[in-house]
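Atoms considered below: every heavy atom in the structure, side chains included; atoms not considered: hydrogens, waters and symmetry mates. Every chain is numbered from 1, with letters handed out A, B, ... down the list of sequences.
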Amino acid sequence: VSIIRRVALLLLLLCGATAAQAHPHVWITAVSELLYAPDGTLTGVRHAWTFDDMFSTYALQGIETKKKGVYTREELADLAKTNAESLKEFAYFTFAKADGKREKFEDPIDYFLDYSNGQLTLHFTLPVKTPIKARQLVLEVFDRTYFIDFQMADKDPVKLVGAPEGCKMQLQRPNDGSASAQTLNEQTFAAGGANANFGMMFANKITVDCP
Amino acid sequence: MRAPPLARLLAACAVMLALFVAIDGAIHLVMAQTPFGGPRPAPEPQVGGFVGWLLAKQSEFYREMSATIRAAKSDGSAVWTLLLISFAYGIFHAAGPGHGKAVISSYLVANQETAWRGIVLSFASALMQALVAVAIVAIGAWLLNVTAKTMCGAEKTIEIASYALIALFGARLVWTKGGTFIGALQAAPPQLAMTAEHHHHDHDHRYGHSHHHHHVHDDHSGHFHGPTPDELAGPGGWRRGFAAILTVGIRPCSGAILVLVFALAQGLVWAGIAATFVMGLGTAITVATIAVVAVFAKDIARRLSGGRDRGGVLVMRGIEFGAAGLVLLFGAGLLFGYIAAERTTCL
């Protein structure tokens, strides 16, 4: 029996080695705005995602410009379109819940790319399918496969635009060691790593409570 | 004593199907508790422990690479720093993620392979990975000047092909290992009498060839003497080894491609290429280490399972079959998207 247990352990080790798969190749610094209508409903989310310089260079590969090293918004329009379309497959890495119910987003609008200091910033607005009226809204930004590492900007990471009075926003970053945090260890990885969702451990969680 | 091919096939398929269904069910169970399904474990976990540390180190090295490449533009000595960082990144990179070590380790366990061969396979496949990365960037970015969309598309295609290769490679291993496992199963239980008979037969056989085997016989007296199916399979394993190298090596690391494109844009192609190979060297060291550990672990299992008597042989054949199944499952999981964590994301 002990032999079989050891064999099982060996196989488990092999599995465990394969489980801790993902690691980021792209870093995004995000600023997000929650857009509210005059009637107090949430109508959409406006993101500004700044890519790390290595990925920015990669993304700019093959794009012709009039002036070397200078990319205008027009010259980047095709790339912005590609980005906006590609993001759909990943649900825009943006997951909303209104009072516990999953909300869906429309295709992005008003998207464009900026280039400065060697970094690209993708701006886009995600309209919600139906305007949301909720006591508690939870918005999470993360890549479930953790190919992309999302980090909310240090300064003014989240803005509420036109939110009803009395709404309170709270941002929970991954790794911030806040009260509810529990330590993730190898076991968690071995148990949950093989499935695709361990990226949620790196989620940025925005919570808005309204009266 | 071999089972007829049809029985082998059926048995192997049945086992794989059962395994796959079980794992599929388990994965769906886990998926059901995610934000994409329903409720999920409440508190936000914090990344800690050894894996968390690996991830942090890896990110750190990777992000330092771009700064160092920039610095190397004006200061040639920064290239050495770049190589050092790339090496470290390679080591940490392979320790956490990557299917390379999983496939190579499982392959080594499935076959009667030596640690040395594991080391050679690890280095050869890492070298191939680096070569493929350089080839993609050389053709895509430098020669054709395609857009990132096209290049990323090519990466994805290669990725899918490599997953299919892993699955095929695994299927082949399962086929052969399933045969030997079933052979061992049939040979095993019914008993000592039968063992003794074989024993005798084997003695006769060997005596006929050479008398120098006397000592060996004494050392092993009372144990199973017949050649194991793997010994019968004989060498020629290098061809199989090449399949392992191809399977692992065909898919380059996305990180290496990003570094190469970045270096190219900074006018430091050679630094980028050097960094890619040094990264591969680091990766190879880690993969080789894990491969060697796997081989030794199997050795320990062999010793624990009673060496070469019938029961022990059965256990070992079982381990080999299991490892073969693991390669197949892993390839299928990657191919069908159950293990999505390794996929290249094209934006």
Could you state the interatomic distance from [atom1] ([X]) to [atom2] ([Y]), rounded to the nearest 0.5 Å?
X      : Y      : atom1 : atom2 : result
B:Y62  : A:W27  : OH    : CH2   : 6.0 Å
A:D52  : B:L258 : CG    : CG    : 7.5 Å
B:K149 : A:E85  : NZ    : CD    : 6.5 Å
B:S66  : A:F55  : OG    : CZ    : 14.0 Å

Taking atom [atom1] of [X] as the centre, does the number of heavy atoms from other residues, nucleotides or ligands within less than 6.0 Å exceed 12?
X      : atom1 : result
A:K66  : NZ    : no
A:K104 : NZ    : no
A:D78  : CG    : no

### Message
What part of A:I148 gets within 4.5 angstrom of chain B, counting heavy atoms only: side chain, backbone, both, or neither?
### Response
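For A:I148, the contact with chain B is made by the side chain alone.
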### Message
What part of A:E64 gets within 4.5 angstrom of chain B, counting heavy atoms only: side chain, backbone, both, or neither?
### Response
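The answer is the side chain of A:E64.
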Shortest non-hydrogen contact from [X] toward [Y]:
X      : Y      : result
B:C346 : A:F90  : O-CE1, 4.0 Å
A:S86  : B:L347 : OG-C, 3.5 Å
B:T147 : A:G62  : CG2-O, 4.0 Å

### Message
Assess the residue pair A:H25 and B:C253 against the criterion (side chain to side chain contact (heavy atoms under 4.5 Å, CB included)); give the C-alpha distance rounded to whole Å, side-chain angles, the decisive distance to 0.1 Å, and a yes or no.
### Response
CA-CA 10 Å; A:H25 287 96; B:C253 162; 4.0 Å; yes
### Query
Under a 4.5 Å heavy-atom cutoff, which of B:T150, B:N145, B:T345 has the most pairs with chain A?
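Result: the option with the highest number of such pairs is B:T345.
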### Task
Indicate yes or no for a side-chain donor-acceptor contact from A:Q61 to the backbone of B:V261 under 3.5 Å, with no hydrogens or angles considered.
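A pair under 3.5 Å: no.
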#### Entry: Region of B:V137 in contact with chain A, defined by heavy-atom distances below 4.5 Å
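B:V137 has no heavy atom closer than 4.5 Å to chain A.
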